[in-house]
A.B. asks: 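This is the structure I want to talk about, given as structure tokens.
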Amino acid sequence: MGRVVVCVGTRPDFIKMAPVILKLKERGVEYRVLHTGQHYSPGLADVYKELPIRDPDFHLEGLEGFKTHAGQTTLIMRWAERYFMREKPRVVLVQGDTNHSLACGIAARKLGIRLGHVEAGLRCYDWRVPEEHNRRMLDHISELLYAPTVQSVVNLGSEDVPGEIILTGNTVMDSLRMVLDEVRTQPAPVKGAYAILTAHREENVDDPGNLREIIKITERIHQGFGMPILFPAHPRTEDRLKRAKLGFESYVNVLPPLPYVKFLSALLNAHLVLTDSGGVQEEACALQVPCVVIRESTERVESVRVGASIVAGLNPTRVYKAAKEMISRPKEWTNPYDPFNDADAAERIVDTLIA
Ligand code: UD1
């Protein structure tokens, strides 16, 4: 039948592809896992160690010096091409919207290898967002488009993509279900009410002006609710804060990136989450944690639509008002990231590779 190569390279890839990797194993499909090394900081690049999957079969290393989008993408593309030529996969699977997924996708496409895109069809229609470029390009060169929600099927349909569109649900829900019992046994990181902040998008943290707004948001939230704020800081954000000589007040507890289960437990027990992360918006929606998106747009529109989050941008007053509204809202929404209500997205994906 020929093997499947699963390309992973960032923290969210490991989390979202782990259920697919497990299912490939369970169904006896021959596979290889390629770690492209886009994330190279400890805590992000090695999150697979926390998940019940084997270590990657091949790890591309040495990306640290390649900071630009094109530098990173072209280097991974060349490495991936060499790897695919050697491994001769019949299918390459990529996930989401990162540079390394685009790089692996193009390399596979040009070698005539069948390409599957997990988490296809997400759109924020905001051209300032680098991930939007990647997801659009990937959706137009993939044969198998694994759409996580009904909305993503509609988005792909409206763009007349050449590949086959398959509604699967979101593998983030498979992962969540896999660890939920353990998550529930973890103690809350802080006694009493607290908020969680995650911020690492390029358009937010690469601009010192926007970083200052994020700091002001924490001031406003602390002033308004008197809650401490936990901030597991992404290495990119740590770096940008240092370069801009900026820091938070003492009510913001700046932490290194948390292990997956610990992070989910901190999220589950939080009163509020302020985030620019994609996966965290989905998880907050599923765990019924009030969420305010500190971006001007989101591709997780389903969450907004069911009332699980508000997109508030970076204006501190707007964010405070949104937080107040979210905290008082009844948590009665249904989970749009699991349209089948069974957390079996990985099974549906692997089914298409066996049939
Ligand atoms: C980004 C994209 C997303 C895409 C993904 C992979 C956006 C807005 N986001 O991921 O669409 O699916 O790349 O291509 O474009 N977590 C921890 N510890 C922490 C903090 C978070 O384990 O301290 C976990 C969360 O539980 C979550 C994941 O990391 O599962 C989120 O990762 P993050 O780095 O925030 O990336 P995304 O923005 O989700």
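We count ligands from 1, going down the list as the structure has it; atoms in each ligand are counted the same way.
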A.B. asks: Say whether Asp13 and Thr10, considering side chains only, have a donor N or O and an acceptor N or O under 3.5 Å apart.
C.D. replies: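 Note: Asp13 and Thr10 side chains meet the donor-acceptor criterion.
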
A.B. asks: Between Arg300 and Glu119, does any NZ, NE, NH1 or NH2 come within less than 4.0 Å of an OD or OE carboxylate oxygen?
C.D. replies: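 A salt bridge is present here (some side-chain N lies under 4.0 Å from a carboxylate O).
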
A.B. asks: Suppose we measure from atom 9 (N) of ligand 1 to each protein heavy atom; which comes out shortest, and what is that distance?
C.D. replies: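 Looking only at protein heavy atoms, the one closest to atom 9 (N) of ligand 1 is Arg201 NH1, 3.5 Å.
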
A.B. asks: For Lys16, counting its heavy atoms only, list the atoms of ligand 1 lying under 4.0 Å from any of them.
C.D. replies: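 Atoms satisfying the 4.0 Å criterion: 12 (O).
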
A.B. asks: Under a 4.0 angstrom heavy-atom cut-off, which atoms of ligand 1 come close to Ile15?
C.D. replies: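 With Ile15 as reference, the close atoms of ligand 1 come out as 24 (C), 28 (C), 29 (O), 30 (O).
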
A.B. asks: Need the ligand 1 atom indices (1-based, order shown) with element for anything under 4.0 Å from a heavy-atom of Pro232.
C.D. replies: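 Taking each heavy atom of Pro232 in turn, ligand 1 has 23 (O) under 4.0 Å.
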
A.B. asks: Quick one: does Lys262 get a heavy atom under 4.0 Å from ligand 1?
C.D. replies: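 Under 4.0 Å: no for Lys262.
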
A.B. asks: Check if Glu282 has a non-hydrogen atom at a distance under 4.0 Å from any atom of ligand 1.
C.D. replies: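 The answer is no: ligand 1 sits nowhere under 4.0 Å from a heavy atom of Glu282.
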
A.B. asks: Checking contacts here: is it the side chain or the backbone of Tyr260 that comes within 4.0 Å of ligand 1, counting heavy atoms only? Could be both or neither.
C.D. replies: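 The answer is both, backbone and side chain.
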
A.B. asks: Using heavy atoms and a threshold below 4.0 Å, how should the contact between Arg295 and ligand 1 be classified: side chain, backbone, both, or neither?
C.D. replies: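 The answer is the side chain of Arg295.
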
A.B. asks: Output yes when the distance from some N or O of ligand 1 to some N or O of Gly278 is under 3.5 Å, and no in every other case.
C.D. replies: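 Gly278 vs ligand 1: N/O contact under 3.5 Å present.
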
A.B. asks: Among all the protein's non-hydrogen atoms, which is closest to atom 6 (C) of ligand 1, and how far away is it?
C.D. replies: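 Residue, atom and distance for the closest contact: Gln95 OE1, 3.2 Å.
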
A.B. asks: Using a strict 4.0 Å cut-off to heavy atoms of Asp97, name the atoms of ligand 1 that fall inside it.
C.D. replies: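 Result: 1 (C), 2 (C), 3 (C), 4 (C), 5 (C), 11 (O), 13 (O), 14 (O), 15 (O).
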
A.B. asks: Quick one: nearest non-hydrogen protein atom to atom 36 (O) of ligand 1, plus distance?
C.D. replies: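 For atom 36 (O) of ligand 1, the nearest protein heavy atom is Pro12 CG, 3.4 Å.
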
A.B. asks: For atom 21 (C) of ligand 1, what's the nearest protein heavy-atom neighbour? Residue, atom name and distance, please.
C.D. replies: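 Checked against all protein heavy atoms, atom 21 (C) of ligand 1 sits closest to Arg11 CZ, 3.6 Å.
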
A.B. asks: Give the atoms of ligand 1, by number and element, whose distance to some non-hydrogen atom of Pro257 is under 4.0 Å.
C.D. replies: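 What qualifies from ligand 1 is 23 (O).
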
A.B. asks: Tell me the protein heavy atom at minimum distance from atom 30 (O) of ligand 1, and give that distance in Å.
C.D. replies: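 Looking at atom 30 (O) of ligand 1, the protein heavy atom closest to it is Glu283 OE2, 2.5 Å.
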
A.B. asks: Could you list the atoms of ligand 1 found under 4.0 angstrom from a heavy atom of Gly96?
C.D. replies: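 So the atoms of ligand 1 that pass are 14 (O).
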
A.B. asks: Is the shortest side-chain N to carboxylate O distance from Glu26 to Lys23 below 4.0 Å?
C.D. replies: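 Answer for the salt bridge query: yes.
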
A.B. asks: For ligand 1, which atoms, with element, lie under 4.0 Å from some heavy atom of Leu258?
C.D. replies: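 That gives atoms 17 (C), 18 (N), 19 (C), 22 (O), 23 (O) of ligand 1.
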
A.B. asks: Which ligand 1 atoms, with their elements, are less than 4.0 angstrom from a heavy-atom of Gly279?
C.D. replies: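 Result: 37 (P), 39 (O).
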
A.B. asks: Compute the minimum heavy-atom distance from Gln281 to ligand 1 and say whether it is under 4.0 Å.
C.D. replies: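 Checking ligand 1 against Gln281, which is what was asked, there is no heavy-atom contact under 4.0 Å.
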
A.B. asks: Please work out, at 4.0 Å between heavy atoms, whether the side chain, the backbone, both, or neither of Ser277 comes within that distance of ligand 1.
C.D. replies: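 It is both backbone and side chain that touch ligand 1.
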
A.B. asks: Take every heavy atom of Glu299, measure it against each atom of ligand 1, and state whether any distance is under 4.0 Å.
C.D. replies: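 True for this residue.
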
A.B. asks: Of the side chain and backbone of Glu202, name the one, both, or neither that has a heavy atom under 4.0 Å from an atom of ligand 1.
C.D. replies: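 Neither; nothing of Glu202 gets under 4.0 Å from ligand 1.
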
